[in-house]
Amino acid sequence: EGIASPDGKTFYAAVPNGPHVVILDTAGFTETARIESPFFKSSRANGSASPHGIALTGDGSKLYVGLENADIPGIVVYDTKTNKVLRKIDVVLRGGHFLAIQPGTDKLYYPMRDDNRVLVIDTKTDAITKIITVNGGPVGVGFAPNGEVWIHCDGDGSVAVIDGKRDSVIATLKNLGQGPGR
């Protein structure tokens, strides 16, 4: 995955097998730096914690990188102003792949497909504020203009709709893509 800074001048691209994150200058598409951290290493698989999902706060000051295959799964928090890894948030749950930050609230949503839950993280404190049960293998995150958070589940093809104010499931849309009457 990758994400552009709010001003569009910088692009961050996660390289799971690197394992690192490349920082690119978008004017010339040249690599200006690389984020490397011991947190990106793992004793599992090929030695990579698979830095994969990536999200940026609205003001562009903090970058979040999911670690799908870390020994203890988590999220690395990187300060884009000081160019330093601040911490790793241990999430313990397995199956995190994509993550996203809700515009306007700067709340981070991190679906855990193997554990059927979605973590909600306050990006001001980097604290987990809620764990929401979402069955069906939650993996993708999208945001509606009305504040709803839509979670795609790749296990059963459903979509869970979360009220972004209360962080609770308000609807589950099932049998998507199967056509009428099926």
Side-chain angles (χ1 to χ4, degrees), residues 1-14 16 21 23-24 26-27 29 51-68 73-81 86 89 91 93 95-182:
E1 275 77 60
I3 193 161
S5 61
D7 65 8
K9 294 180 180 181
T10 306
F11 191 81
Y12 302 90
V21 174
I23 302 174
L24 300 169
T26 60
F29 292 104
H52 192 33
I54 193 163
L56 197 59
T57 54
D59 67 1
S61 65
K62 286 165 83 175
L63 181 75
Y64 290 81
V65 182
L67 302 175
E68 183 173 7
I75 302 168
V76 164
V77 183
Y78 178 80
D79 185 317
T80 62
K81 305 295 183 212
L86 298 176
I89 304 167
V91 301
L93 302 174
H97 196 63
F98 300 111
L99 50 86
I101 295 175
Q102 186 178 39
T105 68
D106 268 349
K107 288 193 292 186
L108 184 145
Y109 290 83
Y110 194 24
M112 297 288 159
R113 113 182 117 219
D114 294 348
D115 285 312
N116 287 314
R117 295 185 230 177
V118 175
L119 299 175
V120 182
I121 296 174
D122 178 343
T123 60
K124 290 170 188 58
T125 63
D126 295 331
I128 298 171
T129 59
K130 188 96 178 222
I131 300 174
I132 306 165
T133 299
V134 174
N135 293 317
V139 68
V141 183
F143 303 106
N146 67 358
E148 292 175 345
V149 181
W150 289 49
I151 305 291
H152 166 256
C153 299
D154 68 358
D156 67 4
S158 67
V159 173
V161 181
I162 295 171
D163 177 327
K165 288 188 174 103
R166 295 178 305 172
D167 288 324
S168 59
V169 176
I170 55 174
T172 301
L173 311 171
K174 295 199 177 261
N175 301 320
L176 300 175
Q178 296 182 10
R182 293 186 188 170

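In what follows, every heavy atom counts, from backbone to side chain, and hydrogens, waters and symmetry copies are set aside.
Under the 4.5 Å side-chain criterion, counting only non-hydrogen atoms from C-beta, Y110 is not in contact with L93. Between L119 and Y109, the closest side-chain pair of non-hydrogen atoms is not below 4.5 Å. In this structure, the side chains of L63 and I54 come closer than 4.5 Å at one or more pairs of heavy atoms. At least one side-chain heavy atom of F98 sits less than 4.5 Å from a side-chain heavy atom of V139. You'll find the side chain of Y12 reaches within 4.5 Å of the side chain of T80, heavy atoms only. Within the 4.5 Å cutoff, side-chain heavy atoms of T133 are placed close to those of N135. The side-chain heavy atoms of S61 and D79, taken from C-beta on, include no pair separated by under 4.5 Å. Put simply, the side chain of K107 reaches to within 4.5 Å of the side chain of D167, judged on heavy atoms.
For the atom pair L108 CG and T123 OG1, the distance stands at 7.5 Å (nearest 0.5 Å). Interatomic distance, CE of M112 versus CZ of R117, reported as 10.0 Å (0.5 Å rounding). The OH atom of Y64 sits 10.5 Å away from the CG atom of L99 when rounded to the nearest 0.5 Å. Note that the CD1 atom of I75 and the CG atom of L67 stand 8.0 Å from one another [nearest 0.5 Å]. Remark: E68 CD to D114 CG distance equals 8.0 Å, nearest 0.5 Å.
Side-chain atoms of Q102 come within 3.5 Å of backbone N or O of G147 as a donor-acceptor pair. Side-chain atoms of K174 do not come within 3.5 Å of backbone N or O of D156 as any donor-acceptor pair. For the pair T10 (side chain) and S5 (backbone), a donor-acceptor distance under 3.5 Å is absent. Of the possible donor and acceptor atoms, one in the side chain of N146 sits under 3.5 Å from a partner among the backbone N and O of E148.
One finds no salt bridge joining D106 and K62 here, because no Lys/Arg side-chain nitrogen approaches an Asp/Glu carboxylate oxygen to under 4.0 Å.
Applying the salt bridge (Lys or Arg N to Asp or Glu O under 4.0 Å) test to K130 and every residue at least two apart in sequence or in another chain returns nothing.
The nearest pair of heavy atoms linking C153 to G136 is CB-O, 3.2 Å. Contact detail for T26 and G8: the closest heavy-atom pair is OG1-O, 2.6 Å. Shortest non-hydrogen contact noted between G140 and P111 is O-CG, 4.2 Å. In terms of heavy-atom proximity, A14 sits nearest to P51 at CB-O, 3.6 Å. Between I3 and L56, the shortest heavy-atom distance links the atoms CD1-N, 3.7 Å. In this structure, V118 and P138 approach most closely via the heavy-atom pair CG2-CB, 4.1 Å.
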Working for side chain to side chain contact (heavy atoms under 4.5 Å, CB included), residues I132 and I151: CA-CA 11 Å; I132 306 165; I151 305 291; over 6 Å; no
